[in-house]
Amino acid sequence: MIRSVRRVFIYVSIFVLILILKRQLSTTDQMKQPVVVIGSGLAGLTTSNRLISKFKIPVVLLDKAASIGGNSIKASSGINGAQTDTQQKLKIMDTHELFLEDTVHSAKGRGIPLLMDKLTKESTSAVKWLQTEFNLKLDLLAQLGGHSAPRTHRSSGKLPPGFEIVQALSKKLKDISSKDSSLMKIMLNSEVVDIELNNDGHVTGVIYLDENGSRKILKSHNVVFCSGGFGFSKEMLREFSPDLIHLPTTNGKQTTGDGQKILSKLGAELIDMDQVQVHPTGFIDPNDRENNWKFLAAEALRGLGGILLHPTTGRRFTNELNTRDAVTMDIQSKCPRSDNRALLVMSEKVYDKYTNNINFYMSKNLVKKVPIRDLIQNYDLQTTEPDLVNELKNYSDVDTKDKFDRSLIINSFDGNISPETSVYVGEITPVVHFTMGGVKINENSQVIMKNSESVLSKGLYAVGEVSGGVHGANRLGGSSLLECVVFGKIAAENIAKLY
Ligand code: FAD
Ligand code: SIN
């Protein structure tokens, strides 16, 4: 009898031991699994850097493209921040409340106010993080459309902001990866096609096609989608914003809404998908007018003083610093419908403030330096030299109220200009630029389930343009790079808490 009790006791003990061991093994296994970050634009680079540098949590960064940077690398105007050191140094009065007010006003009742609050409040620390962790100067400011203060930061020096920021953040990851590939691994040419969930709905892996097109799986319990918008996909535009499929775009060919499609199939809520931003100024290349892809004429060109002229009358027709949707509407309704374009004209002073960028546009033949007189002939304007000169002089007269209520008139044309005075000019047309809609997230950047306020899966996050709700019906220039940094940091913090 005693013997059999002892035997049962031994069996039960072994069973319990096995259970404990199994549980421990699976916890260790889980602990060891890296976070998978999908997309190497600024959202992915921020999330990865934060996870590794602050929390020492291992990351695998996947991108379907052959190079790092997504659309982020092309950003040309800069990143927003209120109450930053740079603003303080340049004596710019600004507050989080004012930035929030501008953001909510631009959003026109769409989007999620809580996310807008986070975006604006965290903007000071986001800019500071880039300045201190990556030694980025971000010492210059521009005031873009819809903003009440100059708050779009870029660095003095030769590099455009997107390129500079992506270069700095990716260098850090590459350095870490070369020292310790178990902490950081970057896999390019790797296209994510699905997510594996277990029966409890928890993320267990990421399915992707490797560079040879073979289907592979990466085991992970934390996945962050940073896969960008859908502005390049005519198929998605046809579904969500069919009026825009005829417009060209500034987006790279990788911008096809893969994250939105994969997550929606898994049960994620999509929000504001019909809200697609048309940027008023894509450059028309005079040697390739019909190309669907356009170089962006950065909003900073207008923020720093550029104006728009009607392509027939040579007169101004809009407040160039209104929000993007309003400027686009004016181009589409006031300029001839047939070619949907206007002229962007800048003074020598704008050139002095934005020299490297304008030199780049000139090297691509998108901007030309010409005497005012030649504008009439080159662009077939139906006006006279004195009228055109007067139009530029009237705009520059800061003592008279602007006829379109433009609030910021800087770097304008001198009072003594004549037909011989040179200006910088390019032809522009509205372009599909950004998709405000996307996967609905909460304030921790976790993906929200369809028709519910609950998270879809504890370890599933979306950051950057793939997510929706941060900008409502219209994004303010400079707020996309900001969104990547703010919510990338937030996602990393949250993963670290639950890891
Ligand atoms: P992205 O930078 O687009 O990166 C997404 C990445 O995900 C890409 O590398 C892509 O290859 C990868 N990916 C997609 N699908 C998959 C998949 N299935 N598997 C693996 N990888 C995948 N915003 C500002 O705030 N300021 C600016 O000055 C500014 N200028 C801009 C200028 C231009 C020309 C453009 C096009 C945009 C500009 N924007 C600007 C907007 C801003 O750059 C983007 O909205 C923002 O950078 C998006 O960042 P992201 O990291 O979310 O996505
Ligand atoms: C631009 O430079 O006009 C783009 C800025 C942005 O999209 O935020």
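Whatever order the structure lists them in is the order used to number ligands and atoms, beginning at 1.
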Which segment of [X] sits under 4.0 Å of ligand 1 when only heavy atoms are counted:
X      : value
Arg475 : side chain
Tyr208 : neither
Cys484 : side chain
Asp258 : side chain
Leu42  : backbone
Thr255 : neither
Ser190 : backbone
Ser479 : backbone

Using the ring of each side chain (for Trp, its six-membered ring), is Tyr424 parallel, tilted or perpendicular to Tyr351, with breaks at 30° and 60°?
parallel
Is the ring pair Phe360/Phe295 parallel, tilted or perpendicular, if the boundaries are 30 and 60 degrees?
perpendicular
Minimum heavy-atom distance between [X] and [Y], given as atom pair plus value:
X      : Y      : result
Leu344 : Ala297 : CD2-CB, 4.1 Å
Ser170 : Ile68  : CB-CG2, 3.9 Å
Val455 : Met449 : O-CE, 3.6 Å
Pro248 : Thr429 : CG-CG2, 4.4 Å
His96  : Lys121 : NE2-O, 3.7 Å
Val203 : Leu460 : CG2-CD1, 3.9 Å

Checking the N or O distance criterion of under 3.5 Å, is ligand 1 in contact with [X]?
X      : value
Asn251 : no
Gly478 : yes
Lys74  : no

Quiz question: by atom type and distance under 3.5 Å, do the side chains of [X] and [Y] form a donor-acceptor pair?
X      : Y      : answer
His471 : Ser106 : no
Ser77  : Glu299 : no
Ser155 : Glu164 : yes
Asp288 : Asn291 : yes
Thr323 : Asp325 : yes
Asn251 : Lys74  : no
Asn474 : Gln277 : yes
Thr250 : His433 : yes

With a 4.0 Å cut-off on heavy atoms, does [X] reach ligand 1?
X      : result
Thr250 : yes
Pro161 : no
His433 : yes

Considering non-hydrogen atoms of the protein only, which is the closest contact for [atom], and what is the distance?
atom                    : value
atom 46 (C) of ligand 1 : Ser480 OG, 3.2 Å
atom 19 (N) of ligand 1 : Val192 N, 3.0 Å
atom 24 (C) of ligand 1 : Leu481 CG, 3.4 Å
atom 51 (O) of ligand 1 : Ala43 N, 3.0 Å
atom 5 (C) of ligand 2  : Arg324 NH2, 3.0 Å
atom 2 (O) of ligand 2  : Ser77 OG, 2.5 Å
atom 3 (O) of ligand 2  : Glu299 N, 2.6 Å

Can you check which of [options] brings a heavy atom nearest to [atom]?
atom                    : options                        : value
atom 13 (N) of ligand 1 : Gly69, Ala66, Ser227           : Ser227
atom 26 (N) of ligand 1 : Gly78, Ser77, Gly252           : Gly78
atom 21 (N) of ligand 1 : His471, Lys253, Lys261, Lys64  : Lys64
atom 53 (O) of ligand 1 : Ser467, Gly228, Gly438, Ala298 : Gly228
atom 40 (C) of ligand 1 : Gly259, Gly488, Ser67, Ala75   : Ala75

Taking the six-membered ring for Trp and the full ring for Phe, Tyr or His, determine whether the centres of Phe232 and Trp293 are under 6.0 Å apart.
no
I need the atoms of ligand 2 closer than 4.0 Å to a non-hydrogen atom of [X], numbered in the order shown.
X      : result
Gly478 : 6 (C), 8 (O)
Arg475 : 6 (C), 7 (O), 8 (O)
Ala298 : 1 (C), 2 (O), 3 (O)

Close approach of His279 to ligand 2, heavy atoms, under 4.0 angstrom:
yes
Heavy atom of Ser480 under 4.0 Å from ligand 2?
no
Atom indices of ligand 1 within 4.0 angstrom of [X] heavy atoms, with elements:
X      : result
Phe434 : 45 (O)
Glu191 : 18 (N), 19 (N)
Gly39  : 6 (C), 7 (O), 12 (C)
Cys226 : 5 (C), 6 (C), 7 (O)
Gly464 : 52 (O)
Ile38  : 19 (N), 20 (C)

Please assess Phe225 against Tyr461 for the test ring pair (Phe, Tyr, Trp, His ring centres under 6.0 Å), listing each intermediate value before the final yes or no.
CA-CA 6 Å; Phe225 273 84; Tyr461 297 80; over 10 Å; no
Is the Lys NZ or Arg CZ of Lys364 less than 6.0 Å from the centre of Phe283's six-membered ring, within 45° of the axis?
no
Kindly confirm or rule out an N or O of Leu144 lying under 3.5 angstrom from an N or O of ligand 2.
no
Any N/O pair Ser76/ligand 2 closer than 3.5 Å:
yes
Measure from the side-chain N and O atoms of Ser214 to the backbone N and O of Asp210, and report whether any donor-acceptor pair falls under 3.5 Å.
no
Using modelled atom types and a 3.5 Å cut-off, is there a donor and acceptor pairing between side-chain atoms of Thr124 and backbone atoms of Ala82?
yes
Contact check, side chains of Ile79 and Pro161, non-hydrogen atoms, under 4.5 Å
no
